[in-house]
Amino acid sequence: MTGSATGLTTGLSDVRRRIDAAARAAGRDPSEITLVAVSKVQPAGRIEAVLAAGHRVFGENRVPEAAARWPALRERYGDVVLHLVGPLQTNKARQAAGLFDVIETVDRSRLARKLAEVFAATGRALPCYIQVNTGAEPQKAGVLPEAADAFIAECRDVHGLPLAGLMCLPPLGDAPAPHFALLRDIAERNGLAGLSMGMSGDFETAIGVGATIVRVGSALFGARDYG
Ligand SMILES: *Cc1c(COP(=O)(O)O)cnc(C)c1O
């Protein structure tokens, strides 16, 4: 843990060091990997500590929570880049398009169509990732692996979304590497460069498989307190 200007400690320099080491071990350039600091549920002081330490790329999983805190933080730290990493309801697509810079969770036709409409109306098209439910878990968002090629083509050719890549969230308790490899294979055969995969427990594994974005929460901020 490293001190910061706010007096709170963060895991930022430790996580960065681990990202660099994992990239080098995989023969990759660490600058190819974006660290998204997932700040959901974290108290303001911890987020400010990570901002004060110089980090600017954050992720939130709920639109209302992002709306409550990030507009004010953006005013103070102008170069923030905010990723939506949680499910997006179609009726919140317009609000999300105004709050976020990257949407990582496009997973169905209705949402893709709605985002395309919103981007056209606002003239601001956000880079989008398609979430793939690599474990085919019924309770989890994401397009099924066998439906991914067709959905990617639809997002590109029918809706004209600016697709940057794919995102996944492997099942808890599964070895993550096969899920990361599945995501990488789908991306490769569809000509997509971006791979958002890996969290606090497995980001080094994800980097070994080719992650370009790792989404790290608790290892950076400390454990989330849902109480
Ligand atoms: C919460 C969350 C993360 C970060 O999880 P940690 O295990 O705390 O690193 C990453 N991705 C998504 C989609 C999340 O909801």
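Index from 1, following the sequence. Whatever order the structure lists ligands and atoms in, that order sets their numbers, starting from 1. The structure displayed is predicted, hence computed values, not measured ones.
Near Ser218, with a cut-off below 4.0 Å to any heavy atom, the atoms of ligand 1 are 6 (P), 7 (O), 8 (O), 9 (O). Those atoms of ligand 1 with a heavy atom of Val216 less than 4.0 angstrom away are 9 (O). In the vicinity of Ser200, heavy-atom distances shorter than 4.0 Å reach the ligand 1 atoms 6 (P), 7 (O), 8 (O), 9 (O). Atoms of ligand 1 lying under 4.0 Å from at least one heavy atom of Leu169, given by number and element, are 12 (C), 13 (C).
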- Audit row: Thr212, Glu32, side chain to side chain donor-acceptor pair (under 3.5 Å) steps and yes/no: CA-CA 6 Å; Thr212 61; Glu32 293 169 9; over 6 Å; no

- Does the pair Leu192 and Arg156 meet the rule for a side chain to side chain contact (heavy atoms under 4.5 Å, CB included), with working shown? CA-CA 11 Å; Leu192 289 169; Arg156 277 184 172 145; 3.3 Å; yes

- Kindly determine whether Thr122 and Arg94 satisfy side chain to side chain donor-acceptor pair (under 3.5 Å), including the steps that lead there. CA-CA 9 Å; Thr122 60; Arg94 181 171 299 270; over 6 Å; no

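Inter-residue side-chain proximity for Phe58 and Leu51 is flagged as met; some heavy-atom pair is nearer than 4.5 Å. Looking at heavy atoms from C-beta onward, Leu82 lies out of side-chain contact with Val102 at the 4.5 angstrom threshold.
Looking only at heavy atoms of the protein, atom 13 (C) of ligand 1 is closest to Val85 O, 3.2 Å. From the protein, the heavy atom lying nearest to atom 11 (N) of ligand 1 is Arg215 NE, 2.9 Å. Protein heavy atom nearest atom 14 (C) of ligand 1, with residue, atom name and distance: Lys40 NZ, 3.0 Å. In this structure, atom 3 (C) of ligand 1 lies nearest to the protein heavy atom Met199 SD, 3.7 Å.
Between Arg224 and ligand 1 there is a heavy-atom distance shorter than 4.0 Å.
For the pair Gly217 and ligand 1, the shortest N or O to N or O distance falls below 3.5 Å.
Looking at Ser196 and Arg215, their side chains do bring a donor and an acceptor atom within 3.5 Å of each other. Inspection of the Arg46 and Ser39 side chains reveals no N or O donor paired with an N or O acceptor under 3.5 Å.
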Acceptor/donor pairs from residues 162-185 side chains to any protein atom, 3.5 angstrom cut, sequence neighbours excluded:
from   : atom 1 : to     : atom 2 : distance (Å)
Asp174 : OD2    : His179 : NE2    : 2.8
His179 : ND1    : Thr134 : OG1    : 2.9

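Proximity of Leu220 to ligand 1, defined as any heavy-atom pair under 4.0 Å, is not found for any part of the residue.
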